[in-house]
Amino acid sequence: MYDVEKIRADFPILAREVNGQKLTYLDNGASAQKPQVVIDAITQAYSMEYANVHRGLHYLSNLATEKYEAVRGTIARFLGVKNEDEIVFNSGTTEGINLVAYGWAMPRMQAGDEIVLSVMEHHANIVPWHFLRERQGVVLKWVDTEPDGSLDPQKVIDAIGPRTKLVAVTHMSNVLGTVTDIKAIATGAQAAGVPVLVDGSQAAVHMPLHLDSLGVDFYAITGHKIYGPSGSGAIWIRSDRMAEMRPFMGGGDMIREVHKDAVSYADPPMKFEAGTPGIVQTIGFGAALEYVMAVGMKSIAAHEAGLRDYAISRLGGLNWLNVQGQAPGKGAIFSFTMDGAAHAHDISTILDKKGVAVRAGHHCAGPLMDHLGLTATCRASFAMYNTTAEVDKLVEALELAHDLFA
Ligand code: PLP
């Protein structure tokens with residue numbers, strides 16, 4: 001039985017007030033709050049177990065290395081992959097996708113080669129490909145969402161042509177909550193011999209993952225959205241793709257030997273991890289993943305599906321609210337505008353006065369905003385610790401904003 005109050009008690013920040021009101025934190029799509037176990041892991045690492053990793057022959061360095069390296073196995077378990085050497089640590093999804101852009105795509109793409117993207121990608125899964133467009137003449141092929149905000153996998157597959165070298169799609173839209181049918185896309189792309197990169201930033205927070213059977217090549221996740229520290233993350237890269245990649249950043253830790261006129265590299269995944277890494281961030285990320293796995297990703301998904309259904313019914317009752325995206329099976333992410341003159345930023349300011357934290361803006365999804373004909377929306381995004389009472393609080397605050405602006 002999912003005990004949301006017990007879970008809430010694990011997150012100290014949820015007990016605080018904001019603007020004299022009990023905090024209702026609905027900005028989880030941007031970054032999630034941290035459970036005490038993560039805060040404790042960070043404190044323990046810095047106060048008792050800190051040294052640089054991989055380098056030392058002393059006790060603390062070995063201990064820090066052991067704790068840090070153990071997270072590779074935790075991430076592999078979380079993602080449902082057997083080979084932990086396919087996990088590259090990094091600072092988050094943005095870095096993971098840039099690694100693939102520089103390390104895999106750049107050396108093998110010529111002018112006129114194509115990358116297929118959906119229109120609902122986050123800038124993290126757009127701008128690295130624009131670099132290739134600007135610098136190498138790579139063509140970006142866009143697949144629109146359907147009117148309900150879903151992404152038709154067949155349209156993605158149909159966009160693949162003889163010059164397509166990569167399909168890069170999100171597993172869950174950070175704006176619409178749409179969940180993409182990655183398996184169907186991967187099956188079609190595989191048949192065409194085209195690798196698939198998945199932006200798993202949002203999906204990894206909300207659903208169990210089994211990457212070994214998903215059929216994709218690259219899967220990027222970000223730690224701070226999964227209740228871990230900011231500046232933590234990882235990308236899973238199937239070992240045959242890793243073998244095709246050249247390193248992206250050069251420096252310490254990623255080399256085997258360096259001489260005046262020659263250099264050789266460490267074996268993957270270290271080959272892709274240059275310099276002193278986010279040691280404590282990664283240790284904290286490991287604690288966060290152990291925490292969600294102990295609760296159970298299936299249970300979290302079921303709890304959030306209940307929140308989503310309740311929010312759909314409550315928000316659906318506000319006939320002046322325009323919720324973007326009604327794809328079947330969407331996640332508990334709601335972007336909306338309000339009839340009348342109220343700007344998303346004004347709405348969010350009123351909500352904040354009521355202690356309700358939401359996000360307002362373009363949500364780093366420019367092409368989607370263009371497609372929707374909008375410049376900004378408000379976004380309420382739910383997490384494992386949110387409650388139906390908080391949906392009510394959101395609705396109450398929206399009614400207040402509507403009364404003020406109508
Ligand atoms: N992709 C999606 C779908 C996101 O929502 C985000 C963050 O908002 C990112 C990528 C980028 O993640 P990060 O900033 O942690 O690299």
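When a ligand or atom number is given, it counts from 1 through the structure's own listing order. Just so it is clear, the model here is predicted, and its values are computed rather than measured.
The ring-ring contact (aromatic ring centres under 6.0 Å, His included) analysis of residues 270-307, with sequence neighbours excluded, yields the pairs Y2-H303, F11-Y291.
Taking the charged nitrogens against the carboxylate oxygens, E290 and R77 do have a contact shorter than 4.0 Å, which makes a salt bridge.
The aromatic rings of Y46 and Y50 sit tilted relative to each other, their planes meeting at an angle between 30° and 60°. Ring geometry for H402 versus W320: interplanar angle under 30°, hence parallel rather than tilted (30 to 60°).
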For each nitrogen or oxygen atom of ligand 1, which protein N/O atoms lie closer than 3.5 Å, and how far apart are they, rounded to 0.1 Å?
unit_1: ligand 1; atom_1: 1 (N); unit_2: D199; atom_2: OD1; d: 3.2
unit_1: ligand 1; atom_1: 1 (N); unit_2: D199; atom_2: OD2; d: 2.5
unit_1: ligand 1; atom_1: 1 (N); unit_2: S201; atom_2: OG; d: 3.2
unit_1: ligand 1; atom_1: 5 (O); unit_2: Q202; atom_2: NE2; d: 2.7
unit_1: ligand 1; atom_1: 8 (O); unit_2: H122; atom_2: NE2; d: 3.3
unit_1: ligand 1; atom_1: 8 (O); unit_2: K225; atom_2: NZ; d: 2.4
unit_1: ligand 1; atom_1: 15 (O); unit_2: T222; atom_2: OG1; d: 2.5
unit_1: ligand 1; atom_1: 15 (O); unit_2: H224; atom_2: NE2; d: 2.7
unit_1: ligand 1; atom_1: 16 (O); unit_2: T93; atom_2: N; d: 3.4
unit_1: ligand 1; atom_1: 16 (O); unit_2: T94; atom_2: N; d: 2.9
unit_1: ligand 1; atom_1: 16 (O); unit_2: T94; atom_2: OG1; d: 2.6

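Ring centroids of H123 and H363 are separated by 6.0 Å or more, keeping the two rings apart.
If you run side chain to side chain contact (heavy atoms under 4.5 Å, CB included) between M120 and each of S173, P367, S150, only S173 comes through.
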